[in-house]
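Please read these numbers as outputs of a predicted model, since none were measured by experiment. Below, chains carry the letters A, B, ... as their sequence lines are ordered, and counting in each starts from 1. Side-chain atoms are counted along with the backbone in the values below, which use heavy atoms only and exclude waters and symmetry mates.
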Amino acid sequence: MNVWLFKTEPSTFGLDDLRAAPGATTSWDGVRNYQARNFLRDRIALGDRGILYHSSCAVPAAVALLEVVRAGYPETPSLPSAPSRRPASAPEPERPVWYAVDVHLLLPFPHPVTRPAMREHPDLIHSRLLQRGNRLSVLPLSAKEAQAILDLADVDPAAIRDATK
DNA sequence: GCCAACGTTGGC
DNA sequence: GCCAACGTTGGC
């Protein structure tokens with residue numbers, strides 16, 4: 001089970017929007033970076049966890065624990081034509097370019113974990129998340145990094161394993 | 001508002 | 001294929 005960081009600008013879509021969404025679940029789409037796209041398409045699995053991170057706002061911070069409830073799927077599904085009906089001369093259908101996953105809000109953090117707080121933690125000080133110029137909107141977290149963020153959020157460590165109820 | 005970092009574009 | 005210019009992201 002892997003843990004992923006999902007970055008979002010709360011002025012566009014944040015924790016409050018996810019709370020208000022039907023089933024506290026949303027499609028994580030709109031990612032337009034190939035490296036992040038590859039994570040969505042190839043690496044993020046059903047049941048993986050996510051940490052929701054607010055960026056480009058007054059207090060950038062990790063704010064919630066998520067669960068992936070649907071693995072990667074094309075943003076705009078192309079209607080697959082039955083192979084037998086496709087003339088041999090027709091081009092192969094193109095592979096979709098952009099992908100989404102669905103995430104569900106498991107647990108809003110008791111309090112946000114800010115960047116200064118993360119810098120105090122030995123397991124986060126070298127995290128890609130804290131590096132300047134990091135522009136990846138979806139990125140993998142090591143088990144240590146994920147645990148450190150949950151520790152700083154005062155979330156029960158068991159939450160990351162047992163949250164599915 | 002500033003600046004660093006990175007991705008994309010386009011001329012050659 | 002190189003690389004400069006430009007646009008975007010994102011922290012501060």
Side-chain angles (χ1 to χ4, degrees), chain A residues 2-21 24-45 48-78 91-155 159-160:
Chain A
N2 292 310
V3 186
W4 305 86
L5 187 117
F6 290 89
K7 183 160 58 181
T8 187
E9 300 186 16
S11 60
T12 302
F13 186 95
L15 176 57
D16 290 342
D17 299 292
L18 181 55
R19 270 199 177 102
T25 298
T26 191
S27 171
W28 201 269
D29 56 17
V31 172
R32 292 295 180 269
N33 168 284
Y34 286 102
Q35 195 178 352
R37 185 281 309 272
N38 292 345
F39 290 142
L40 293 173
R41 188 186 63 190
D42 307 329
R43 302 273 313 281
I44 301 182
D48 276 0
R49 300 296 190 245
I51 286 175
L52 187 68
Y53 176 82
H54 283 170
S55 72
S56 293
C57 55
V59 185
V63 294
L65 182 64
L66 311 176
E67 178 179 4
V68 175
V69 293
R70 185 180 175 191
Y73 59 93
E75 271 195 22
T76 49
S78 54
E92 289 289 330
E94 282 185 33
R95 195 174 189 194
V97 176
W98 301 118
Y99 282 71
V101 299
D102 288 356
V103 295
H104 171 70
L105 176 64
L106 284 180
L107 181 65
F109 290 165
H111 53 84
V113 179
T114 64
R115 300 173 65 83
M118 292 184 201
R119 282 196 201 94
E120 307 262 319
H121 198 294
D123 289 335
L124 291 173
I125 185 84
H126 295 119
S127 168
R128 180 166 191 177
L129 177 60
L130 290 178
Q131 285 169 17
R132 208 165 22 179
N134 168 44
R135 296 170 57 181
L136 255 194
S137 62
V138 177
L139 63 105
L141 298 174
S142 71
K144 277 193 166 189
E145 289 172 326
Q147 200 57 66
I149 291 171
L150 295 184
D151 287 347
L152 292 170
D154 290 329
V155 167
I160 203 161

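- For A/Met118 and C/dC12, the CE to P distance is 11 Å, given to the nearest whole Å.
- Between the CZ atom of A/Arg37 and the P atom of B/dT8 there is a distance of 11 Å, rounded to whole Å.
- The distance from atom OH of A/Tyr34 to atom C1' of B/dT8 is 10 Å, rounded to the nearest whole Å.
- Look at NE2 on A/His54: it is 17 Å from P on C/dC12, rounded to the nearest Å.
- A cation-pi geometry, defined here as NZ or CZ lying under 6.0 Å from the six-membered ring centre and within 45° of its normal, does not hold between A/Arg41 and A/Phe39.
- A/Glu75 and A/Arg32 are joined by a salt bridge, as a carboxylate oxygen and a charged side-chain nitrogen come within less than 4.0 angstrom of each other.
- Between the CD atom of A/Glu9 and the P atom of C/dG10 there is a distance of 6 Å, given to the nearest Å.
- As a whole-Å value, the separation of A/Leu129 CG from B/dA5 P is 17 Å.
- Under the 3.5 Å distance criterion, with hydrogens and angles disregarded, no donor-acceptor pair is assigned to the side chains of A/Asp29 and A/Tyr99.
- Of the candidates C/dG10, B/dG7, C/dC12, C/dG10 carries the atom nearest the A/Ser56 side chain, counting heavy atoms from C-beta on.
- Closest to the side chain of A/Pro60, from the set C/dG11, B/dT8, C/dG10, is C/dG11.
- Between the CG atom of A/Leu5 and the P atom of C/dG10 there is a distance of 11 Å, given to the nearest Å.
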Q: Could you give me the CA-CA distance, side-chain angles and deciding distance for A/Leu124 and A/Ile149, then say whether side chain to side chain contact (heavy atoms under 4.5 Å, CB included) is met?
A: CA-CA 8 Å; A/Leu124 291 173; A/Ile149 291 171; 3.9 Å; yes
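- Of all nucleotides listed (C/dG10, C/dG11, B/dT8), C/dG11 comes nearest to the side chain of A/Arg119.
- Proximity of A/Arg132 to the phosphate of C/dC12: no side-chain N or O atom is located under 4.0 Å from OP1 or OP2.
- Atom-to-atom, CG of A/Asn33 to C1' of C/dT9 comes out at 11 Å; the value is rounded to the nearest Å.
- Contact annotation: A/Tyr53 does not reach the phosphate of C/dT9 (side-chain N/O to OP1 or OP2, under 4.0 Å).
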